[in-house]
Amino acid sequence: MKALHEIALPAGFPGQGTIYDRAKLPVDATGWVWTLNDVSATRLDFRKLEIDSPDLLLAVVKYIADRVTTRSVDDVRNTFDALRFLQSVEHFRTCAATGGRIDLRLIAQLRLVENFAAWRLCYVRAWYQWCAKRNFPQFAGEVAAEMADIRIGGNPKGVAVRTRDPEQGAFDQLETIAIVTKLRELGPILLTAFERTLVWLALAFGSNPKAFSLLREEDYRIVREDGSNVVHHVLKIPRIKKRSASLRKDFHTKRPDGLIGEQIAALIEENIEFRRRCGWPEGCAFPLFRRAEPRARVLDGPMPEYAMHCSTKEITAALKAAVEKLNVISHRTGLPINVTAMRFRRTFVTRAVEENVPPAELAVMVDHSDLQNLKVYYETTSSIVDRLDAALAVKLGPLADAFMGKVVADETEAANGADPTKRIPFFRRAAGQQPERAGNLGTCGAGACAQFAPISCYTCRKFQPWRDGPHREFLEQLCDERERKKAAGLDPQIVGLHDATILAIGEVVAACEGGAE
C-alpha cells in the first residue's frame, strides 16, 4: 500500500461549508481537516483516508457531514476510523481506479485486514447503505439489501471480566489493597494533588474518563449539618449520555468520604493559587482537572470554556502515570500493575456486585443504558478472599505488599525508640474477658495521629515493628475475629474489613520469622 505522500489526492476537496453539529455548534467543513466540538477538539483529517477517487471521496465526505449533524463526536470518530481501512481493501482500490460498482467483496476483504476489528464493519455497512439510498455512483440498492442480511457480530463483551484477565480485568482484592495502601501512605509524598484526587475518584466511583474530564470546581461543595460540626462532601459527576447533545447537562450526585473530599478541596485550593499566580484565559471555565495552558483549537472554537479542561486521553495518561509512581506490583503477573481507566471501572462494578447492589441500581450508578453489559459481573465468582487464616495471610502478605513500614530488631534501632510513649502495645483478647496487655508490637516513628492503633499501624509507613514482637498472635486474633464474622453470616465487606491489616501483618510475620531462621 502506498504511503500518504505517494497518494495522488484529488486536486480539490469537496468542502461542505459550515455545518452544525447536533448541539447546534458550527463546524468548519470547508477543508481537508475538520475540528469537532468536544473537550479534546477531535480532528478529522480526510487526507488520511488516502482516497484518490473524487466520487468515493465525496461519498465519504457527505456521509461524515451527515453524521456530524446527527450523532455524537464519539460516533463520528468511530465511523471515520472505520472508513480509514477502506483503502486497505483491494476491491475498494480497484473500484476507485475503474469506477466499478462496490459489492460484497468489500465486507469479505475487510474481515481479512490486519488490525481491523470485525465490529467496525457495522460502520462501513451503514456508510454503504446511506450512499446507496441516495443513489451515489458505484453503490447499489440490491447490494445494500444483501449487506443488511450479513451477520457482523459485536465487540466481545465481558471476556476480561469473565476470565479475570490479570492485564485487562478488574483488580482483585490483593491488587486493590496494594493500590489503596500505597496511595494512602505514599500518595502525599510521590503524587501531585491532581494525581491523588484522580486515583481516589477512580477507585471510589469508577467513572468514565470523560466524566472526570468534564468535572469543574463548581461541582464540589461542602454541606454542614445544622447545629453540629458534621460536614458532608458532595460531588456532582457529569453523566456521559450518548443521546444527549450537550455536555454537562445531567449529573450523578455522589458523596465522597472525608478523605476523598479533602483531596478534592486541596486540589481546588491549588487551582485557585495557580490562577492567582499565573492568570487565567478569558472565557475559560474552572475545571477540577486543569491543563497548564489552554488548548488553542478549543479556545478559538465555539466551546472556549473547555479549553483548560484536560482531555480524556490526558486523564487516562495521568491515571496510569500516578499508579506507576506508586510502584504497585501485581501478584498475578509479578510485574508493575497494568493500569487503564476501564480496569478501575470494572473493579468498581465488581465491588458493587459483591455488595449485592441490584442490576437496575448498578446500571444507574455506572451510567449504563443496557443491563446486558452488566450481566457478566453477576455471573463471575467473587474476587473477595473467602478464607483468610494466619497461614494463608503469611503466604499472601508479601504478595499484597500492604505493609508500609520498616521491621527493626528492637526499639533501639527505631526512630522515637527512646520514647516509651511511642511503643505500640498489644492486648490479648478473649471472649468474656478483659483485654490483657501482652507486650509491644513496635514503635511509632511519627507524632500523634487520629488513627486506630494497632489496626492502622501495619499499613502506615511510620510504623516500625520489632522483630520479636507478638505479631503472629495478633494475626491469629484478627483472623479468628474474621472467621466469627463470617460464621455469623455478616456482609462480605464487613467480614473483610481488616483484610489489608491482616495481609500486612502476614508480611511482617513472614519477614520476622524468615529472618530468624
Side-chain angles (χ1 to χ4, degrees), residues 37-42 72-74 77 170-171 176 179-180 183 187 191-221 233-242 244 246-257 259-272 274 284-295 298 303 305-326 339-349 351-352 364-368:
N37 299 311
D38 195 28
V39 177
S40 57
T42 299
S72 69
V73 171
D74 288 340
R77 181 174 52 244
F171 303 125
T176 302
I179 293 173
V180 170
L183 177 60
L191 306 184
T192 64
F194 180 117
E195 292 169 331
R196 291 196 304 273
T197 305
L198 179 58
V199 179
W200 277 121
L201 289 179
L203 283 165
F205 304 123
S207 299
N208 186 296
K210 189 169 184 178
F212 293 143
S213 171
L214 293 173
L215 270 174
R216 291 180 180 168
E217 294 175 9
E218 66 193 60
D219 299 328
Y220 168 75
R221 62 191 177 96
H233 301 272
V234 179
L235 181 67
K236 296 192 304 179
I237 299 181
R239 296 188 63 185
I240 310 302
K241 298 179 68 175
K242 296 179 180 179
S244 176
S246 302
L247 302 176
R248 291 182 49 80
K249 181 180 179 181
D250 298 295
F251 297 82
H252 282 298
T253 299
K254 305 289 186 180
R255 295 188 178 274
D257 63 21
L259 172 61
I260 298 177
E262 291 171 2
Q263 303 296 323
I264 298 172
L267 178 57
I268 291 175
E269 287 299 319
E270 184 178 281
N271 289 344
I272 292 173
F274 175 87
C284 290
F286 299 154
L288 182 62
F289 298 108
R290 61 163 177 81
R291 305 183 83 248
E293 57 185 25
R295 188 178 289 101
V298 180
M303 299 171 61
E305 67 271 27
Y306 290 96
M308 289 295 285
H309 281 254
C310 283
S311 68
T312 300
K313 287 185 178 179
E314 290 169 332
I315 291 291
T316 302
L319 188 61
K320 184 178 181 67
V323 180
E324 286 178 351
K325 288 181 183 179
L326 297 176
V339 174
T340 65
M342 181 55 73
R343 294 200 73 186
F344 279 93
R345 188 166 175 81
R346 287 169 175 160
T347 304
F348 173 81
V349 176
R351 292 205 312 266
V364 173
M365 291 169 62
V366 296
D367 230 2
H368 266 290

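Residues: numbered from 1 along the sequence shown.
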inquiry  = For a 4.5 angstrom cut-off between non-hydrogen side-chain atoms, does Asp38 reach Leu247?
reply    = yes
ask   = Between Cys310 and Arg295, what is the shortest heavy-atom contact and its length?
value = C-NH2, 4.5 Å
query = Going from CG on Leu319 to CZ on Arg343, what distance comes out if it is rounded to the nearest 0.5 angstrom?
reply = 11.5 Å
request  = Taking the side chain as every heavy atom from C-beta outward, state whether Gln263 and Leu267 have any atom pair closer than 4.5 Å.
outcome  = no
message = Is it true that, when you exclude Lys313 itself, more than 12 heavy atoms of the residues, nucleotides or ligands shown sit nearer than 6.0 Å to its NZ?
response = no
query = Just by modelled atom types, is the Ser311 backbone N or O under 3.5 Å from a matching donor or acceptor in the Ser40 side chain?
reply = no
message = Regarding Arg248 and Glu305, does a basic nitrogen lie under 4.0 Å from an acidic carboxylate oxygen?
response = no
note = Between the NZ atom in Lys210 and the OG1 atom in Thr316, the distance rounded to the nearest 0.5 Å is 12.5 Å
query = Which of these, Leu191, Thr192, Ile260, Ile264, sits in a side chain to side chain contact (heavy atoms under 4.5 Å, CB included) with Thr197?
reply = Ile264
key: Sub-6.0 Å ring centroid separation between Phe194 and Phe289   = yes
key: Pi-cation contact, Tyr306 with Arg216 (under 6.0 Å, within 45°)   = yes
request  = Over all heavy atoms of both residues, which pair between Leu326 and Ile179 is shortest? Give the atoms and the distance, please.
outcome  = CD1-O, 4.5 Å
Working for side-chain contact (heavy atoms from CB on, under 4.5 Å), residues Val349 and Arg346 = CA-CA 5 Å; Val349 176; Arg346 287 169 175 160; 5.8 Å; no
ask   = Once you round to the nearest 0.5 Å, how far does OG1 of Thr312 lie from CZ of Phe212?
value = 11.5 Å
query = Only one of Ile268, Leu214, Asp219 forms a side chain to side chain contact (heavy atoms under 4.5 Å, CB included) with Leu288, so which one is it?
reply = Ile268
key: Considering all heavy atoms, the nearest Glu314-His309 contact   = OE1-O, 4.4 Å
query = Between OG of Ser207 and CG of Leu235, what distance do you get to the nearest 0.5 Å?
reply = 8.5 Å
inquiry  = Can you give me the closest heavy-atom contact between Arg345 and Asn208, atom names plus distance?
reply    = NH1-N, 3.6 Å
key: Aromatic contact, Phe344 with Phe205 (centres under 6.0 Å)   = no
request  = Report the relative orientation of the aromatic rings in His233 and Tyr220; use parallel for angles under 30°, tilted for 30 to 60°, perpendicular for over 60°.
outcome  = parallel
ask   = Closest approach of Pro238 and Lys236, non-hydrogen atoms and distance?
value = CD-O, 3.7 Å
ask   = CZ/Arg239 to NE2/His252 distance, rounded to the nearest 0.5 angstrom?
value = 4.0 Å
query = Once you round to the nearest 0.5 Å, how far does NZ of Lys254 lie from CG of Leu201?
reply = 11.0 Å
message = Testing the basics here: between Leu198 and Ala318, what is the closest heavy-atom pair and its distance to 0.1 Å?
response = CD2-CB, 3.9 Å
message = Are Phe286 and Asn271 packed together at the side-chain level, in the sense that at least one heavy-atom pair is separated by less than 4.5 angstrom?
response = no
